[in-house]
Amino acid sequence: MLKIYNTLTRKKELFQPRVAGKVGLYVCGMTVYDYCHIGHARVMVVFDTVARYFRYQGYELIYVRNITDIDDKIIKRALENGEDYNQLTERFIDAMHEDERALSVLPPDLEPRATQSIDAIIAMVNTLIAKELAYVGTNGDVFYAVTKFKDYGLLSGKNLDDLQAGERVDVDLAKRNPMDFVLWKMAKTNEPAWESPWGLGRPGWHIECSAMSTCCLGNHFDIHGGGMDLQFPHHENEIAQSEGATGEKFVNLWMHNGFVRVDDEKMSKSLGNFFTVREVLKQYQPEIIRFFILSSHYRSPLNYSDEQLNDASAALTRLYTALRGVTIVTDTVIEETYKTRFEQAMNDDFNTPVALAVLFDLARDLNKAKTHEPEKISVLAASLQQLAGLLGILHQDADIFLKGSKANDQKIDQQIQARLDAKKAKDWALADKIRNDLKQQGVILEDSPDGTTSWRRE
RNA sequence: GGCUGCGUAGCAAAAUGGUUAUGCAGUGGCCUGCAAAGCCAUCUACGGCGGUUCGAUUCCGCCCGCAGCCUCCA
């Protein structure tokens, strides 16, 4: 019984697919004018985890995450770089896919791009004009008339009178109402542009997502997701556009993930307090970033700091240490009580912190089994790895994670052997010296009861 | 100003109207040549003030503090 928090009703709801056994999920993806930062990584990881769980539960899922590959910032950045906007977006799309793979984010089923959806966008704008929900402004741009859509503000809990239009932004005189938003923008000279009934121009941001989501999933689909900050105006506008154009309900359930913060402030490009994924990857293994993201609930704020990542690293080390040296049979049936607890956690609005707690309990049981009940080792280890796999973690060999980079492995092994010899000769001083020397290099030795020594990097 | 949401032990982070969260750190023990890892035990909590209740960290009200949205943002 999967329950999901619906922003629209501000309650956890029992998830009921429109069509039994099938789920359509659309998530607002990146605007590709720069590298992904940890905030973007959170969206990717959170909805990847959601997608994995739907599939695990047996749903036939279509997961769509769009790419915004035309907008003001892209044009501006391309101009600054003196490169074609296409070149710029291709570069950052590649980089995004690289980050995605690093974080074990499985690619979405469909990844529509705005520039490849122009026909659908124009068709939707046309419909909105025909229904008198949109109009051509005095500057030639096409605007959506928000007052014509009766449910405007339902998702974000805002009403038009409270929005105090113009308070933070200059009123655009081309609009009838300051809250009206642009659907089609007339091109300035040298800007990328497409033919349309209203002249050469390009789509507004909001209409892209309406067009791409309905194209891929139909007029009415199950779940729409994205960052909290998209709730208003972006998602509000999507509802106005899609429901205005089709006359049908747009989305049943809205999911919004919380922000990544730095020193209690939202991580964002405009504040300049962001860390890109590739930057962080220089210091931490990708799995640590993924664990860090999953260690808090997806709707809660997540504070980014070295301390937090170090904690995540220590926690993952504990899980991998439990798996170390155990041969895992992949098709083992999962231990039932842990499976149930894990599913209960995930069924409760994807409560990954609790799901992780289940993994730690499992790890403790596994550690105990190693000394007391060896016959249980195999099933516990397999359970741990399989359940963790649903979260996209613990998929590598324990030694590979624990040893980190491959550098100097041979030399380390030689020193370990030298220490074992010293131990045999009861030359504790030499044995300890070798261990300390290795410690200086960030290598921790761990002796096993069977006389062998394993090691890991700090 | 309007609208959301949050405030849990040293740090991070969940659940819950009365009973162990979990990870890191601390303390005591077992194990070890000594460590590390592991295991066992254990100390630190629920922003403040009222109310409902046999009982509230959990429900309600007020207050204080913090964040987000109301402009582009994941």
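Below, read A as the first sequence line, B as the second, and so on, with proteins coming before strands; counting in each chain starts at 1. Nothing here was measured: the structure is a model prediction, and the numbers come from that model.
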Legend entry - Between NZ on residue A:K76 and CG on residue A:L79, distance to nearest 0.5 Å: 9.5 Å

Inset, instruction - Kindly confirm or rule out a cation-pi arrangement of A:K158 over A:F232, judged by NZ or CZ under 6.0 Å from the six-membered ring centre and within 45° of its axis? - result: yes

Inset, instruction - Could you say whether A:H234 or A:S296 is positioned toward the 5' end of RNA chain B, judged by the nucleotide with the nearest heavy atom to each? - result: A:S296

Legend entry - Euclidean distance for C1', B:A14 against B:G38 (whole angstrom): 25 Å

Legend entry - Result of checking A:V23, A:V50, A:I223 against A:L61 for side chain to side chain contact (heavy atoms under 4.5 Å, CB included): A:V23

Legend entry - Spacing of the P atoms in B:A56 and B:G48 (rounded, Å): 14 Å

Inset, instruction - Enumerate, in order of first residue number, the stems that involve RNA chain B, defined as 3 or more consecutive Watson-Crick or G-U wobble pairs with both distances under 3.5 Å. - result: B:1-7 with B:64-70, B:10-12 with B:22-24, B:26-30 with B:38-42, B:47-51 with B:59-63

Legend entry - P atoms of B:G23 and B:U42, separation to the nearest Å: 15 Å

Legend entry - hbond_proxy A:K269 side chain to B:C72 base (donor-acceptor, 3.5 Å cutoff): no

Inset, instruction - Determine the contact category for A:G29: base if any of its heavy atoms lies under 4.0 Å from a base atom, sugar-phosphate if only primed atoms, P, OP1 or OP2 are that close, otherwise nothing. - result: sugar-phosphate

Inset, instruction - Starting from the C-alpha separation in whole Å, work towards a yes-or-no answer on ring-ring contact (aromatic ring centres under 6.0 Å, His included) for A:F15 and A:F54. - result: CA-CA 11 Å; A:F15 175 68; A:F54 272 121; 5.2 Å; yes

Legend entry - Over 12 non-hydrogen atoms of neighbours within 6.0 angstrom of CG in A:D263: no

Inset, instruction - Assign a letter to each nucleotide of nucleotides 34-40 of chain B from its 5' end: B, base within under 4.0 Å of a protein heavy atom; S, sugar-phosphate only; -, no contact. - result: BBBSSSS

Legend entry - Plane angle bin for A:H235 and A:W254 - parallel if under 30°, tilted between 30 and 60°, otherwise perpendicular: tilted

Legend entry - Phosphate OP1/OP2 of B:A14 contacted by A:S300 side-chain N/O (<4.0 Å): yes

Legend entry - Of the listed nucleotides B:A14, B:C69, B:A74, the one nearest the side chain of A:P353: B:A14

Legend entry - Value in whole Å for how far the P atom of B:U16 lies from CD of A:Q344: 12 Å

Inset, instruction - Calculate the interatomic distance between A:N303 atom CG and B:C66 atom P; express it in whole Å. - result: 15 Å

Inset, instruction - Please say whether the positively charged group of A:K266, taken as NZ for Lys or CZ for Arg, lies over the ring of A:F259, i.e. under 6.0 angstrom from the six-membered ring centre and within 45 degrees of the axis. - result: yes

Inset, instruction - Could you pull out the closest heavy-atom pair between A:L390 and A:R52, with the gap in Å? - result: O-CD, 3.5 Å

Inset, instruction - Assign A:M267 to base, sugar-phosphate, or nothing according to its heavy-atom contacts below 4.0 angstrom with the strands shown. - result: base

Legend entry - Over-ring placement of A:K269 relative to A:F274, 6.0 Å and 45° cut-offs: yes

Legend entry - Face-to-face stacking of A:F259 with B:A74, centres under 5.5 angstrom, angle under 30°: no

Inset, instruction - Indicate, with a heavy-atom threshold strictly under 4.0 Å, whether A:A315 touches base, sugar-phosphate, or nothing. - result: sugar-phosphate

Inset, instruction - On RNA chain B, check which nucleotide each of A:Q231 and A:N237 is closest to and give me the residue with the more 5' one. - result: A:Q231

Inset, instruction - Whole angstrom is fine here: how far is it from CD1 in A:I393 over to C1' in B:G23? - result: 12 Å

Inset, instruction - Quickly work out the A:D263 CG to B:C66 C1' distance and round it to whole Å. - result: 14 Å

Legend entry - Distance, rounded to the nearest Å, where A:L230 contributes CG and B:G68 contributes P: 15 Å

Legend entry - C1' spacing across the pair B:U16 / B:U8, given as an integer number of angstrom: 12 Å

Inset, instruction - Would you mind telling me which of B:A13, B:U22, B:C24 lies closest to the side-chain atoms of A:A357? - result: B:U22

Inset, instruction - Using the C1' atom on both, measure B:A25 against B:U44 and round to a whole Å. - result: 11 Å

Legend entry - NZ/NE/NH1/NH2 to OD/OE distance under 4.0 Å, A:K185 and A:D72: yes

Inset, instruction - Examine A:R299 relative to A:Y5 and say whether NZ or CZ is less than 6.0 Å from the centre of the six-membered ring and inside a 45° cone about the ring axis. - result: yes

Legend entry - Inter-nucleotide P distance (B:A21, B:A9), Å rounded: 14 Å

Legend entry - Integer angstrom distance from the P of B:C66 to that of B:U27: 35 Å

Inset, instruction - Select base, sugar-phosphate, or nothing to describe what A:V46 touches, counting heavy atoms under 4.0 Å on all strands. - result: nothing

Inset, instruction - Would you indicate what A:G226 reaches in the nucleic acid, counting non-hydrogen atoms under 4.0 angstrom: base, sugar-phosphate, or nothing? - result: sugar-phosphate

Legend entry - Side chain of A:K158 - closest among B:C69, B:C72, B:A74: B:C69

Inset, instruction - Rounded to the nearest angstrom, tell me the gap between atom CZ in A:R261 and atom C1' in B:G7. - result: 10 Å

Inset, instruction - Tell me what A:K73 touches on the nucleic acid: a base, only sugar-phosphate, or nothing, going by heavy atoms under 4.0 Å. - result: base

Legend entry - Shortest side-chain distance from A:N351, nucleotide among B:A14, B:A67, B:C24: B:A14

Inset, instruction - Grab the CG-P distance between A:N273 and B:A74 for me, whole Å please. - result: 14 Å

Inset, instruction - Quote, to the nearest angstrom, the C1' distance that separates B:U19 from B:A15. - result: 13 Å

Legend entry - Option from A:K12, A:R341, A:K3 for which salt bridge (charged side-chain N to carboxylate O under 4.0 Å, His left out) with A:D348 holds: A:K12

Inset, instruction - With heavy atoms under 4.0 Å as the rule, sort A:D264 into base, sugar-phosphate or nothing. - result: sugar-phosphate

Inset, instruction - Please work out if A:P449 contacts a base, only the sugar-phosphate, or nothing of the nucleic acid, heavy-atom cut-off 4.0 Å. - result: nothing

Inset, instruction - Would you kindly give the CZ-to-P distance between A:R341 and B:A21, to the nearest whole Å? - result: 13 Å

